[in-house]
Each structure stands twice: as structure tokens, then as C-alpha cells.
Colleague: 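Following this message is one structure expressed as C-alpha cells.
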Protein chains: 2
Amino acid sequence: MATIKDVARLANVSPSTVSRVLANSPRISEETKRRVRAALEQLNYHPNAFARGLVTNSTGAIGILIPPSAQEFFVNPFFSEWMAGVAEVARQRGVDTVLSTSSRGEIETLDHMIRGRRVDGVLLIGTRKSDPVLHEVAKLRCPAVLLGRPADPSPISWVNNDNRRAAYDATVHLLNLGHRRIGFLGGASDLVVTIDRVAGYRQALLDHGVEPDPRLEVSSFFLEQGGYLGMMRLLAIPDRPSAVLCADDVLAFGGMRAAHELGFEVPGDLAIVGFNDIRLAELAHPALTSVRVHMHELGVRSAELLLEEIAQGKPLQRHVTVHHELVIRYSCGAKPIGTMTT
Amino acid sequence: MATIKDVARLANVSPSTVSRVLANSPRISEETKRRVRAALEQLNYHPNAFARGLVTNSTGAIGILIPPSAQEFFVNPFFSEWMAGVAEVARQRGVDTVLSTSSRGEIETLDHMIRGRRVDGVLLIGTRKSDPVLHEVAKLRCPAVLLGRPADPSPISWVNNDNRRAAYDATVHLLNLGHRRIGFLGGASDLVVTIDRVAGYRQALLDHGVEPDPRLEVSSFFLEQGGYLGMMRLLAIPDRPSAVLCADDVLAFGGMRAAHELGFEVPGDLAIVGFNDIRLAELAHPALTSVRVHMHELGVRSAELLLEEIAQGKPLQRHVTVHHELVIRYSCGAKPIGTMTT
DNA sequence: ATTCACTGCGCAAACGTTTGCGCGAACAGT
DNA sequence: ACTGTTCGCGCAAACGTTTGCGCAGTGAAT
């Protein structure tokens with residue numbers, strides 16, 4: 001395969017000159033540039049990323065660190081939509097996106113990527129309470145941005161939506177519809193996103209004079225099956241909820257399946273509200289009322305922020321929060337009035 | 001950051017020895033290995049991928065080449081499920097997965113990845129009739145595997161399901177239910193997958209004595225919106241179809257929305273069959289009859305095959321086809337009898 | 001005692017770039 | 001004619017590994 005020396009030889013210049021032409025240095029004459037570019041073309045030259053990276057210490061790639069515990073995210077549309085946002089800006093800016101789903105530990109994987117110089121910065125998802133990855137990121141002082149907020153104070157940048165407020169809004173909506181026994185069906189309980197959403201849910205109840213009942217809060221996992229199982233548990237308790245706020249749409253779908261199976265009508269017997277507003281939410285039957293969190297935009301902002309950190313060469317400790325809306329459809333029992341923006 | 005020399009110094013050996021310990025060479029004494037490993041640990045050493053790659057000429061990464069024209073795949077669950085399969089074996093084997101969604105041309109992007117030594121091999125999706133990427137891959141003689149079959153003879157390996165047969169089976173199912181006006185709602189018409197599915201569809205009609213009607217074949221794009229628009233067109237023609245075979249579940253969802261909007265009952269007024277059997281198919285209303293193509297398994301097999309090519313260091317020209325089943329639910333109007341395996 | 005094989009490790013080259021520095025030529029200003 | 005500046009380019013070092021080859025030491029066989 002053609003190296004820079006081959007190009008140099010062909011164009012009758014030194015490798016340095018070829019390199020400078022590649023970088024479009026102003027100190028090279030137009031005439032020489034032309035000659036070199038012709039040679040580049042003729043040999044179909046593509047710089048060796050290894051050699052280049054070795055000296056520049058930069059990769060032109062960003063990493064997405066997917067902890068083994070979050071493999072379930074992969075098939076969840078909310079993740080796809082987020083990743084599509086990331087991919088979109090990556091494409092615009094000409095950087096590659098590397099998925100790291102190593103079966104090693106997470107910090108080991110992070111080291112592999114950052115210390116091993118495989119990426120210039122990293123996008124983190126699915127963080128949990130006192131997540132060790134965040135400490136490692138802080139130690140490394142590498143460009144990194146987190147989807148969601150860190151549980152504990154951390155110097156990391158993040159982009160998030162206000163999950164607490166969003167869950168609060170959704171719960172208030174159910175309260176306004178007259179529900180008093182409202183369940184919460186969440187993902188893993190140590191995920192920060194779950195913590196925030198359950199907090200907002202509880203706060204809404206308290207503000208409306210209903211005492212939160214721990215039996216009405218169940219944790220599951222972010223798959224349809226998780227929603228099914230969780231809803232089964234919720235509907236099995238003696239004084240069953242008349243409404244359930246689900247921390248994810250796919251969870252809500254599974255929950256609806258459970259409800260149907262048990263002979264409950266949605267929303268007649270059971271109101272359901274989802275989260276994330278994936279594209280298929282409006283296709284469910286009944287169409288799913290859901291909190292739209294703009295996963296695509298979250299992805300775009302995540303990637304943009306990361307690329308800016310990379311450009312600056314350091315963590316920026318910036319925080320962006322993306323707004324949300326409650327999209328009212330049929331599963332909650334209200335007549336759809338469109339969206340309530342917050 | 002610690003280099004191999006730092007480790008060598010600390011362990012009182014030469015860099016060569018450290019390198020050999022890393023490779024677990026048998027020619028190094030246990031005692032020395034212990035010392036070196038202690039040093040590795042203490043410095044938290046991680047080899048620089050650039051330097052290593054420069055000499056070994058291998059990256060430990062595989063690429064997924066996503067043509068700009070296939071960005072729509074990204075948010076389609078069938079793609080996610082396929083990618084989850086890929087990621088699963090990548091994780092097991094400790095390789096990274098790099099997504100290349102460059103806004104340059106496709107062949108340019110391929111060169112960027114392969115000639116630029118960013119990946120050891122590449123997974124290709126969404127190929128079209130006489131796709132120039134395939135020629136480039138053939139020229140490069142690099143490890144590569146295609147999801148789907150090439151339209152023209154090509155030395156590339158691929159993993160596919162028998163789309164022709166699958167569409168044939170689905171169409172026969174509709175014919176057996178008594179339908180004679182059967183529509184076909186596909187993705188872009190030059191995608192090989194569309195070509196195969198429409199071929200199977202036509203063949204089934206011919207074999208049952210019904211003349212294919214070109215007006216009943218519409219091409220759209222693989223998004224819910226695409227299905228909506230396509231179905232609108234199908235339902236607008238004078239002698240409208242009583243059943244529609246959709247080349248994708250998301251397309252089918254969009255189609256169902258259009259049908260509902262026009263006041264048609266599914267399956268009463270219009271039978272619908274989807275393709276791919278994504279997880280949400282059974283949650284649609286009515287539950288979607290669909291051809292299950294095992295996207296996850298396709299992903300697994302793709303990645304495994306690619307990794308084997310990489311291990312052998314050359315294209316293997318192997319072809320694997322994964323079986324499919326027709327999963328009969330409610331949208332086709334038959335009473336569900338489970339799955340028909342082929 | 002000499003040869004031989006083997007063990008355990010180090011030397012140094014090589015991989016393909018980028019970039020600081022320097023150098024000759026051309027040219028302008030005195 | 002001399003100095004100074006600018007322009008256009010090349011030299012060579014450096015980036016951090018891997019690996020072929022060689023070499024000293026040890027022990028066994030002759």
C-alpha cells in the first residue's frame with residue numbers, strides 16, 4: 001500500500017512536503033501542491049492512522065462506553081435514537097464512533113480506550129450511584145461527557161433532561177385525572193435516571209397530599225419483558241394502582257401486555273404513562289401517553305459537547321439540560337390535547 | 001502516561017522483555033514475568049494502540065460501514081438488533097466496533113477505514129444494485145462481510161436470509177387466506193433486499209395464477225413515515241388491495257396507521273404482514289404477523305465470519321443463510337397458529 | 001575439556017507519520 | 001555590494017511498539 005514516501009518520490013519532493021500539502025500548509029507553492037495532489041490521486045494514498053496518531057496523539061474518533069450492565073440499552077429504541085444523534089454530528093465532523101462493549105470491567109475498558117489512545121474522548125451512559133467509572137474519568141482528565149447527571153459531585157460534563165421534573169409533571173397529570181393509587185415502574189434502581197424519576201414521582205404525590213407507598217414502586221430492567229414482569233407484580237398487590245408511570249416506553253409496552261393479559265382495559269381499568277416517547281409510542285394500542293425527552297437532541301448535544309472538549313483538549317465541566325414535554329395520547333385516559341411543554 | 005520503557009526500567013528489564021511478557025511468551029522465566037507484571041500493575045500501563053498497530057498492522061477493531069443513504073436504518077429496530085448481535089461477539093472477542101458514517105462518499109469512507117488502517121475488516125449493509133462499494137472491497141481484498149447478498153457476482157462473503165423464499169411464504173399465506181389483490185410495500189427499490197422480496201412476492205402470485213399488478217408494488221423508505229405514505233398510495237388506487245405484504249415491520253406500523261386513519265379495519269378490511277419480526281411486532285394492535293428473520297443471529301454470524309476472515313487474513317468467500325419463520329399473529333386475519341418454519 | 005543445545009534476555013531496526021529547525025535562493029532595502 | 005527578510009522546501013528526530021537475530025550463561029553429552 002502506498003506510503004507517504006511513495007507519494008514524495010513520485011512528486012519529486014520530500015515526505016515533509018507531502019505532509020504539509022495534506023495539511024494544506026500555506027508555505028507550499030501552488031505549483032508543488034498541484035504536483036503532490038496529482039501523485040496522491042494517482043497512488044490513491046490514504047495516511048496510515050497509526051503513524052499519524054503516534055505523533056499527533058489524536059485519533060479522530062470518539063468512544064461510546066457501554067457497560068456490560070447496559071447491554072439491554074442496545075435494543076431499546078431510546079438508545080438508537082440517541083446514538084443516531086451522536087452519529088449525525090460525528091458524520092458531519094468526520095470523526096469515527098467506536099463502540100466499546102468489552103467484557104472486561106468498565107474502568108479497564110475506559111483505560112483501554114483512553115490510555116490505549118483508541119479515542120480522543122468518550123461518551124458515557126447508564127451511570128449508577130457512586131459509579132467508579134466517573135472517578136476514573138476524573139483521574140484521567142480526559143474529554144468525556146455523560147448522558148444523564150452524575151449521582152455524586154463530579155467534574156464531568158453532562159447533558160441531561162430534567163428527569164425529576166419530567167416525572168413530576170407526568171405524575172401530576174395522572175393526579176389531575178383523579179388517580180390516587182399511582183404506581184411507578186422503573187429500571188434498575190441504582191441507575192441515576194431511575195433515582196431521579198422516582199424522586200419526581202414521589203414529590204408530586206407528596207405535593208398533592210398522597211402518601212407514597214413503597215409497594216407501588218417496582219424496579220425492573222429496560223426491556224419489554226422487564227415491563228411485563230414489573231407490571232405483573234404491581235397488579236398483583238391487594239390494593240392495586242389505577243395508574244402506572246413507567247420509566248421507559250418499552251417498559252410501558254410490556255406493562256400494557258401484562259395488563260391486557262390479566263384482562264384489564266387500558267386506560268379504562270388502568271392508566272399508563274410512558275417515558276422517552278420513542279417513535280412507536282403513538283402506534284401502540286391505545287397510543288401511549290409519554291414524556292418526550294428528545295433522545296436525538298440529547299445525542300447531538302452530547303457529541304457536540306464532547307467534540308468541543310476534544311478541541312480544547314480538556315474537560316469543560318459544562319452542563320446542558322434539554323427540555324421535555326408530556327405528550328398526551330390515549331393510554332392515560334385523558335382526551336389528547338397535544339403536548340404540554342415544560 | 002507510562003510507556004513500555006517506563007515499565008522496563010521499573011522492572012529492570014528491556015522493553016523487549018516487557019513486550020514478550022505482554023504476549024505471554026514462553027521464553028520468559030516466571031520470575032521475570034512476575035516482576036514485569038508487578039511493574040505493569042504499578043504504572044497502570046496500557047499499550048499505545050498506535051505504536052502497536054504501526055508494527056503489527058492490526059487494529060483489534062471491526063468497522064460497520066453505514067452509507068449515507070442508509071442513515072434511516074439507524075433508528076430501525078431491525079438494525080439495532082443486528083448490531084446488538086455484532087456487538088455481542090465483538091465484546092466476547094475483545095474487539096472494538098467502529099461505526100463509520102462519514103459524509104464523504106462510501107468508497108472514500110471504506111478507504112479511510114481499510115487503507116487508513118482504522119479497522120481490520122468491515123461489515124457492509126444496505127447494498128444496492130451494482131454497488132460500487134463491492135467493487136472497491138474486491139479490489140482491496142480485505143476481510144469484509146455483507147449483510148444480505150450482493151446483486152451481482154462478487155467474491156465477498158455474506159450472511160443473509162432467503163428473502164425471496166420468505167416473501168414467497170408470506171405471500172402464499174395471504175393467498176391461502178383467500179386474498180387475490182395483494183399489495184407489496186417495500187423500501188428503496190434498488191436495495192437488494194427489496195429486489196429479492198418483491199421477486200418472491202411475484203413468484204408466489206404467479207404460482208397461484210394471479211397476475212402481478214405493478215400498481216400494487218410501491219417503494220418507500222424504511223421509516224414509519226415511509227410506511228404511512230406508501231400505504232396511503234396503495235389504498236388510493238381504484239381497485240385497492242385487500243392485503244399488503246410490507247418489507248419491514250416499521251413500514252407495516254406506518255401502514256397500519258394510514259389504514260386506521262382512512263377508516264379501514266385491520267385485518268377485517270385490510271390484512272397486513274410485516275417483515276423482520278422486531279420485538280414490538282407483537283405489541284402492535286392488532287399484533288403484527290411478520291416474517292421473523294432473526295436479526296440478532298444475522299449479526300452474530302456476520303461478526304463471527306468477519307473475525308474468522310481477519311484471523312485468516314483474507315476473504316473467505318463464504319456464504320451463510322439463516323432460516324426464517326412466518327410468525328402468524330392477528331394482522332393477517334388468520335387465527336394465530338404460532339409459527340411456520342421454513 | 002570440548003562441543004552442543006537450550007534458556008533467558010537485550011540490541012537495534014523498522015513501522016509511517018509530523019514538525020522544529022535550518023538552509024539556499026530570491027529579492028528588497030540601504 | 002552588503003545586509004535582512006521572506007519564501008519554499010528538506011533533514012532528521014521523535015512518537016511507542018514488536019521482533020529477528022545474537023549473545024552470554026548453563027548444563028548435558030561426548
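Here is the naming used below: chain letters follow the sequence lines, and residue numbers restart at 1 for every chain. It should be emphasised that the depicted structure is a prediction, and the values quoted were computed from it without experimental measurement.
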Colleague: Could you tell me which residues satisfy ring pair (Phe, Tyr, Trp, His ring centres under 6.0 Å) with B:Phe50, sequence neighbours excluded, listed by chain and number?
Modeller: none

Colleague: Between B:Ser29 and B:Asn57, which has a closest nucleotide on DNA chain C that is more 5'?
Modeller: B:Ser29

Colleague: Walking along DNA chain C from 5' to 3', note the first and the last nucleotide with an atom under 4.0 Å from a heavy atom of chain B, and give both.
Modeller: C:dT7 to C:dG16

Colleague: For the residue pair B:Asp96 and A:Ser100, confirm or rule out a side-chain donor-acceptor distance under 3.5 Å.
Modeller: yes

Colleague: side-chain contact (heavy atoms from CB on, under 4.5 Å) with B:Val86: which of B:Leu306, B:Ile62, B:Leu298?
Modeller: B:Ile62

Colleague: If each of B:Ala51 and B:Ala23 is mapped to the nucleotide of DNA chain D with the nearest heavy atom, which maps nearer the 5' terminus, i.e. the 5' end?
Modeller: B:Ala51

Colleague: Is the shortest distance from a Lys or Arg side-chain nitrogen in A:Glu136 or A:Lys139 to a carboxylate oxygen in the other one below 4.0 Å?
Modeller: yes

Colleague: Does a salt bridge link A:Arg9 with A:Asp6, judged by any charged N lying under 4.0 Å from a carboxylate O?
Modeller: yes

Colleague: Quickly work out the A:Ile28 CD1 to D:dT6 C1' distance and round it to whole Å.
Modeller: 14 Å

Colleague: Take the protein atom CZ of B:Arg27 and the nucleotide atom C1' of D:dG25, then report the distance between them rounded to whole Å.
Modeller: 14 Å

Colleague: So for atom CZ, which belongs to B:Arg104, do other residues, nucleotides or ligands contribute more than 12 heavy atoms lying within a distance under 6.0 Å?
Modeller: yes

Colleague: Applying a 4.0 Å non-hydrogen cut-off, can you work out what A:Ser16 is touching in the nucleic acid: base, sugar-phosphate, or nothing?
Modeller: base

Colleague: A:Thr56 near the nucleic acid: base, sugar-phosphate alone, or nothing, with a heavy-atom cut-off under 4.0 Å?
Modeller: sugar-phosphate

Colleague: For A:Ser19, answer base if it contacts any base atom (sugar-phosphate contacts may also be present), sugar-phosphate if it contacts only those atoms, and nothing otherwise; contact means non-hydrogen atoms under 4.0 Å.
Modeller: base

Colleague: Mapping B:Leu54 and B:Thr32 onto DNA chain C by nearest heavy atom, which one lands closer to the 5' end?
Modeller: B:Thr32

